[in-house]
*Asks:* 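Sharing a structure here in structure tokens format.
We name chains A, B, ... by the order of the sequence lines, and we start the count at 1 in each one.
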Number of protein chains: 2
Amino acid sequence: MIDLNSENFIKALSVDCVILGLEKGELEVLLYKRLSSPFKDQWALPGGFVRYNEGIDDASKRILKDFTGVENFYMEQLQAFGEVDRCIDSPYGRAVTIVYKALVQTKKFKIHLGPDSGETKWFNVTKIPDLIYDHNRLVEETLKSLKKKIKYEPIGFELLPAKFTLSQLQKLYEAIWNVKFDKPNFRRKILHMNILIKLDEKKNGVNHKNPTLYKFDKARYNLLIEKGILFEM
Amino acid sequence: MIDLNSENFIKALSVDCVILGLEKGELEVLLYKRLSSPFKDQWALPGGFVRYNEGIDDASKRILKDFTGVENFYMEQLQAFGEVDRCIDSPYGRAVTIVYKALVQTKKFKIHLGPDSGETKWFNVTKIPDLIYDHNRLVEETLKSLKKKIKYEPIGFELLPAKFTLSQLQKLYEAIWNVKFDKPNFRRKILHMNILIKLDEKKNGVNHKNPTLYKFDKARYNLLIEKGILFEM
DNA sequence: TCAAAAGTGTTGTCCGTACACCCATGA
DNA sequence: TCATGGGTGTACGGACAACACTTTTGA
């Protein structure tokens, strides 16, 4: 039988969370400044080692809660990263990390101070500072995955408030893909999918015609998927 | 500093490979029968623990090579699986595994006997025996992912010989999705994508009109992707 | 000459695109 | 009354589904 305690196998398995939110139509990621060594005073992704008594999904939820104080946001595993030289010069030696992507509604909470964090801040994804280890790359890969995934799954709604206007939705796609859509065509396309519920409510206080609010119809979406009708933007 | 050698953290990190191939138009998965305990004489996915001196992708390639004798096939990480009770009653205790999906051309090699394997066999994906741990589930998740991915990425070609007919390609999609396509429409659709090179060669020895052979034009595909033109079946 | 699969042609419908246009609201 | 975005209408073109049809091959 193999001896996993020998030096021939890996000891360090961590989880890192790329927590994404929207602020003024721009995509932002949550980072924290480390209070203690290693890498004291440097910015990093919220993360931690996987404990023996928690599943990897649980670990990611624990970390999200520690840093935001809230639970029940959209969270999904991206993938594991474990090149042979990853973190090789850290005090813990070579480490494999499992990256989770979280999509949150920033309005729903105030930032907490996580364990070991002196400061926790939202950064525009186009202006991310140098992070520890390969964390910059982990963010990049997560953004790449988001761009792909949002085309075929309605996960964009996770970033918006429960009630939103069609313009907000359009701006979300435009921000993530860095494109511009024709408004009439965007409206027709998304409405034609039959996955939005038009509310009897309008957003007011804006100096133009008050836009109608909509919400995502998850039940309807699931029904369509069952029937084999796919979402596609 | 955290003590990763304590009992509070995970020791066992493995890689499991779901190796898929085509046989007579049907999808098959490579399994082996274990020679030694634990789970002697039971069927399992090719896999093994990640060594300290190899990356996780390297580990998956090592395993593929051990079981097929060949390298350089399409291989891609699916994701990590690590519920808190996964393999909890194995001799190694709780284990996290990273699953890789390999798409291979079965004609290109003869099956080897991997380390610890008394028998190695292709199984039709609809007739998979009971496997150890959660390996049945790992296969299911891989197939689900393949079905999704094959719609938006031209990975199906990895399962076919380098030179193939349009009918072979059509049957591949029909097998994976369990659907039927209209032949003329399928031809036009795939040819219209401009990612196939028509060869000056025909497949003969068949008792009907000899079909033209094609090959996948990877350079062209990459060019189209750069331009933002997406593959979609 | 027949079965089987290769391969072409045609037609109607639906959907995306482009763009012109009117509507409500606060300043 | 004007700027701003909300929201509708229309016309063109391309892609896809359905299905009829011809061609080539081995048995």
Side-chain angles (χ1 to χ4, degrees), chain A residues 22 24-26 150-152 154 160-161 163-175 177-215 224 227-233, chain B residues 22 24-26 150-152 154 160-161 163-175 177-215 224 227-233:
Chain A
L22 263 194
K24 301 199 184 82
E26 306 259 309
I150 206 179
K151 185 171 174 65
Y152 307 112
L160 294 177
K163 300 172 180 182
F164 52 85
T165 69
L166 296 185
S167 272
Q168 282 180 287
L169 188 60
Q170 181 175 343
K171 275 179 193 130
L172 168 73
Y173 277 94
E174 291 179 339
W177 284 339
N178 194 30
V179 293
K180 285 284 166 200
F181 289 115
D182 177 82
K183 183 180 37 158
N185 294 337
F186 181 88
R187 292 175 62 86
R188 266 187 295 258
K189 182 165 184 177
I190 193 84
L191 288 177
H192 187 247
M193 290 180 194
N194 272 309
I195 54 167
L196 294 187
I197 298 174
K198 183 175 180 167
L199 301 173
D200 277 339
E201 209 175 328
K202 300 202 175 239
K203 185 176 186 172
N204 34 36
V206 286
N207 69 337
H208 54 72
K209 188 168 173 178
N210 292 160
T212 306
L213 289 167
Y214 291 82
K215 67 174 189 180
L224 292 174
K227 285 195 205 164
I229 299 169
L230 301 179
F231 173 89
E232 184 182 338
M233 274 307 294
Chain B
L22 262 194
K24 300 197 185 81
E26 306 261 309
I150 206 179
K151 183 169 176 67
Y152 307 113
L160 295 177
K163 300 173 180 181
F164 52 85
T165 69
L166 296 186
S167 271
Q168 281 180 287
L169 188 60
Q170 180 176 344
K171 276 180 194 132
L172 169 72
Y173 277 95
E174 291 178 338
W177 284 340
N178 195 29
V179 293
K180 285 284 166 200
F181 290 114
D182 178 81
K183 184 179 37 157
N185 294 337
F186 182 88
R187 292 174 62 85
R188 267 186 295 258
K189 180 166 185 177
I190 193 82
L191 288 176
H192 188 247
M193 290 181 195
N194 272 309
I195 53 168
L196 293 187
I197 298 173
K198 184 175 180 167
L199 301 173
D200 277 339
E201 209 176 329
K202 299 199 175 243
K203 184 176 186 173
N204 35 36
V206 286
N207 69 337
H208 53 75
K209 188 168 173 178
N210 292 161
T212 306
L213 289 167
Y214 290 82
K215 68 175 187 181
L224 293 174
K227 285 196 207 165
I229 300 168
L230 301 178
F231 173 89
E232 185 184 339
M233 275 305 296

*Asks:* Take atom OH of B:Tyr214 and atom P of C:dA6, then tell me their distance rounded to the nearest Å.
*Replies:*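 Computing the B:Tyr214:OH to C:dA6:P distance gives 11 Å.
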
*Asks:* May I ask you to evaluate whether A:Arg187 reaches the phosphate of D:dG6, defined as a side-chain N or O under 4.0 Å from OP1 or OP2?
*Replies:* no

*Asks:* Expressed as a whole number of angstroms, how long is the span from A:Asn210:CG to C:dT25:P?
*Replies:* 5 Å

*Asks:* So, does B:Lys202 get its side chain near the phosphate of D:dT23, meaning an N or O under 4.0 Å from OP1 or OP2?
*Replies:*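 No, no such contact exists.
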
*Asks:* I need the minimum non-hydrogen distance between A:Val206 and A:Pro211, along with the two atoms involved.
*Replies:* CG2-CD, 3.9 Å

*Asks:* Hey, which of these two, A:His208 or B:Gln168, hits DNA chain C nearer its 5' end, going by closest nucleotide?
*Replies:* B:Gln168

*Asks:* Using a cut-off of less than 4.0 Å, is there contact between a side-chain N or O of B:Thr212 and OP1 or OP2 of C:dA6?
*Replies:*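 B:Thr212 to C:dA6 OP1/OP2: no side-chain N or O under 4.0 Å.
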
*Asks:* Rounded to whole Å, please give me the gap between CG in B:Asn204 and P in C:dA4.
*Replies:* 21 Å

*Asks:* Which atoms of nucleotides 16-18 of chain C (N or O only) lie under 3.5 Å from a protein N or O atom, and what are those distances?
*Replies:*
unit_1	atom_1	unit_2	atom_2	d
C:dA18	N7	A:Asn185	ND2	2.9
C:dA18	N6	A:Asn185	OD1	3.3
C:dA18	N6	A:Arg188	NH2	3.2

*Asks:* Send over the distance from B:Ile229 CD1 to D:dA15 P, rounded to a whole Å.
*Replies:* 11 Å

*Asks:* Classify A:Ser167 by what it touches in the nucleic acid, base, sugar-phosphate, or nothing, heavy-atom distance under 4.0 Å.
*Replies:* sugar-phosphate

*Asks:* From D:dG7, C:dG26, C:dG7, pick the nucleotide closest to the side chain of A:Asn207?
*Replies:*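 Nearest listed nucleotide: C:dG26.
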
*Asks:* Would one find more than 12 heavy atoms of other residues, nucleotides or ligands at under 6.0 Å from atom NZ of A:Lys151?
*Replies:* yes

*Asks:* Please give, in whole Å, the distance from D:dA18 C1' to B:Lys180 NZ?
*Replies:* 17 Å

